[in-house]
Amino acid sequence: MMNPQNLDPTPGEVPLSFDTTEADFEAQVLELSMQVPVLLDCWAPWCGPCRQLGPVLEKVVKAYGGRFVLAKLNTDEAPQISAALRIRSIPLVVLFIGGRPVDQFMGALPEGQVKAFLDKHLPADVVDAEAEQVFGPLDAAAALMAAGELEQAQALLDSIPAAERDDEHARLLKRLAMAREQPTGNADELAARIAANPRDFEARFALAALLAHAGDFNAAFDQLLDVVLRDKAEGKPDREKARLQLVQWFDVCPDPAVVSRGRRYLGMYLN
């Protein structure tokens with residue numbers, strides 16, 4: 001049950017306003033939005049407009065008395081969620097209802113416009129079709145994957161008619177398959193092996209797999225690019241193995257800037 005009087009919940013109650021992270025995003029945003037609409041405030045400490053919008057959202061969530069709750073996400077500390085939501089500018093505010101994003105706005109809107117935004121959706125129920133009109137089923141599937149909801153993401157992707165499946169659909173299926181394949185190895189031990197011997201390509205491949213599975217494609221690409229650069233063996237078999245792995249992961253990485261950087265360096269190292 002909600003406590004509409006203030007932001008301090010009694011035991012067992014959900015507060016009106018709270019911080020969320022990648023670790024608890026699934027429970028505090030996706031799952032909670034099945035019970036009550038969740039307004040996600042995507043911000044960062046360095047963002048001036050975010051500091052202007054924050055107090056406005058806090059005021060509105062109190063005024064609405066439990067009709068929705070406010071979750072605050074520091075995007076600097078949530079790269080995977082930021083990539084899944086395709087955040088390019090902040091502040092970004094996303095409304096989640098029924099486990100999915102249904103609408104969003106950008107910038108530090110005044111109180112009246114924030115209320116007008118909310119009034120389009122509260123308290124009326126929002127069907128899944130509306131979420132797909134605003135974000136599209138592929139963006140919703142990406143958000144589910146970032147939150148660890150792999151089966152829900154699979155179901156959503158499977159529900160898309162064959163005639164409407166495009167390259168992005170295929171890319172998300174590859175990301176989903178990758179998320180289900182947990183690589184083995186200890187990252188610290190592998191990093192120590194590489195520090196002791198930069199040409200320990202076995203360790204570099206293993207560490208790259210761990211990094212990519214965790215969503216840190218930039219660091220994963222760096223490990224494979226080092227293999228491309230350092231392999232001087234006859235026939236350069238490890239260089240070719242790294243090149244093929246990079247090409248495969250370029251098609252899976254959700255961040256175009258990271259992919260662009262990886263492709264640029266691969267081209268330089270191959271020439």
* Would you say Leu85 and Leu40 make side-chain contact, with heavy atoms under 4.5 Å? -> yes
* Asked: At their closest point, which heavy atom of Ala220 faces which heavy atom of Ala208, and how far apart are they?
  -> CB-O, 3.4 Å
* **Main-chain N/O of Pro198 paired with Arg204 side-chain donor or acceptor, under 3.5 Å** => yes
* With side chains defined as the heavy atoms from C-beta onward, is the minimum distance between Glu181 and His213 less than 4.5 Å? -> no
* Structure fact -> Rounded to the nearest 0.5 angstrom, the CD-CD distance for Glu26 and Glu31 is 4.5 Å
* Asked: Quick one: does Leu157's side chain get under 4.5 Å of Arg165's, heavy atoms only?
  -> no
* Spacing of NE2 belonging to His121 relative to CZ belonging to Phe68, to within rounding of 0.5 Å -> 12.0 Å
* Asked: Would Val227 end up clustered with Phe250 when hydrophobic side chains under 4.5 Å apart are linked, directly or stepwise?
  -> yes
* Give a yes or no on whether Phe25 and Trp43 share a hydrophobic cluster (residues Ile, Leu, Val, Met, Phe, Trp, Tyr; joining criterion: side-chain heavy atoms under 4.5 Å apart). => no
* Asked: Is any side-chain heavy atom of Leu39 less than 4.5 Å from a side-chain heavy atom of Val61?
  -> no
* Can you name the nearest heavy-atom pair linking Ala44 to Cys50, along with the distance? -> N-SG, 3.9 Å
* Asked: Near Met268 CE, under 6.0 Å, is it more than 12 heavy atoms from other residues, nucleotides or ligands?
  -> yes
* Inspect the surroundings of CG in Asp158 and state if more than 12 heavy atoms from other residues, nucleotides or ligands are less than 6.0 Å away. => yes
* Exam field: side chain Arg243 to backbone Val228, donor-acceptor pair closer than 3.5 Å -> no
* Report yes or no: do Val29 and Leu92 belong to one cluster of Ile/Leu/Val/Met/Phe/Trp/Tyr joined by side chain heavy-atom distances under 4.5 Å? => yes
* To do: Test Asp166 against Leu138 for side chain to side chain contact (heavy atoms under 4.5 Å, CB included), laying out the working first.
  => CA-CA 10 Å; Asp166 54 13; Leu138 298 182; 3.7 Å; yes
* How long is the span from the CE atom in Met106 to the CG atom in Leu53, to the nearest 0.5 Å? -> 12.0 Å
* Asked: Going through the distances and angles, do Arg261 and Asp222 end up as a salt bridge (charged side-chain N to carboxylate O under 4.0 Å, His left out)?
  -> CA-CA 10 Å; Arg261 174 183 176 275; Asp222 282 346; 3.0 Å; yes
* Asked: Are any non-hydrogen side-chain atoms of Val56 and Pro110 less than 4.5 angstrom apart?
  -> no
* Determine whether Ile194 and Tyr265 fall in the same hydrophobic cluster, where Ile, Leu, Val, Met, Phe, Trp and Tyr are linked whenever their side-chain heavy atoms lie under 4.5 Å apart. => no
* Evaluate the side chain to side chain contact (heavy atoms under 4.5 Å, CB included) criterion for residues Arg199 and Lys232: first the C-alpha distance (whole Å), next the side-chain angles of each, then the deciding distance (0.1 Å), finally the verdict. => CA-CA 10 Å; Arg199 291 176 57 81; Lys232 307 298 182 184; 4.2 Å; yes
* **Pro79 side chain near Glu22 side chain, heavy-atom distance below 4.5 Å** => yes
* Side-chain heavy atoms under 4.5 angstrom apart, residues restricted to Ile, Leu, Val, Met, Phe, Trp, Tyr: same cluster for Leu266 and Leu229? -> yes
* How close do Pro101 and Phe96 get, heavy atom to heavy atom, and via which atoms? -> N-CD2, 3.5 Å
* Asked: What is the minimum heavy-atom distance between Gln52 and Ala108, and which atoms define it?
  -> OE1-CB, 4.2 Å
* Structure fact -> Closest non-hydrogen contact found for Leu16 with Lys62 is CD1-CA, 4.3 Å
* Verdict with reasoning, Asp24 to Phe18, per side chain to side chain contact (heavy atoms under 4.5 Å, CB included) -> CA-CA 11 Å; Asp24 53 30; Phe18 51 86; over 6 Å; no
* **Atom of Ala187, atom of Leu210 and distance for their closest heavy-atom approach** => N-CD1, 3.8 Å
* Side chain to side chain, Pro91 and Cys47, heavy atoms closer than 4.5 Å -> yes
* Is the backbone N or O of Lys72 less than 3.5 Å from a side-chain atom of Thr20, with the two atoms forming a donor-acceptor pair by type? -> no
* **Donor-acceptor pair, side chain of Ser260 and main chain of Pro256, under 3.5 angstrom** => no
* To do: Report yes or no: does Asp231 contribute a side-chain atom to a donor-acceptor pair with the main-chain N or O of Asp238 at less than 3.5 Å?
  => yes
* To do: State the NZ-CG distance between Lys174 and Leu176, to the nearest 0.5 angstrom.
  => 13.5 Å
* Do Glu151 and Arg180 sit within salt-bridge range, that is, some charged N less than 4.0 Å from a carboxylate O? -> yes
* To do: Kindly compute the distance separating OG (Ser17) from NZ (Lys59), expressed to the nearest 0.5 Å.
  => 15.5 Å
* **Mutual orientation of the aromatic rings belonging to Phe217 and Trp249 [parallel < 30°, tilted 30-60°, perpendicular > 60°]** => perpendicular
* Asked: Can you list the steps and then say if Leu224 with Phe205 is a side chain to side chain contact (heavy atoms under 4.5 Å, CB included)?
  -> CA-CA 7 Å; Leu224 297 183; Phe205 280 115; 3.5 Å; yes
* Asked: Is any side-chain heavy atom of Tyr269 less than 4.5 Å from a side-chain heavy atom of Asp226?
  -> no
* **Asp251 (side chain) donor-acceptor with Gln248 (main chain) under 3.5 angstrom** => no
* Under a 4.0 Å N-O cut-off, is there an ion pair linking Lys115 with Glu111? -> yes
* Asked: What distance do Leu172 atom CG and Gln154 atom CD have between them, rounded to the nearest 0.5 Å?
  -> 10.5 Å
* To do: Taking atom CD of Glu202 as the centre, report whether more than 12 heavy atoms of other residues, nucleotides or ligands fall under 6.0 Å from it.
  => no
* To do: Give a yes or no answer on whether the side chain of Gln80 reaches the backbone of Ala214 with a donor-acceptor pair at less than 3.5 Å.
  => yes
* Going through the distances and angles, do Asp119 and Tyr64 end up as a side-chain hydrogen bond (donor to acceptor under 3.5 Å, both in side chains)? -> CA-CA 10 Å; Asp119 288 343; Tyr64 275 58; 2.8 Å; yes
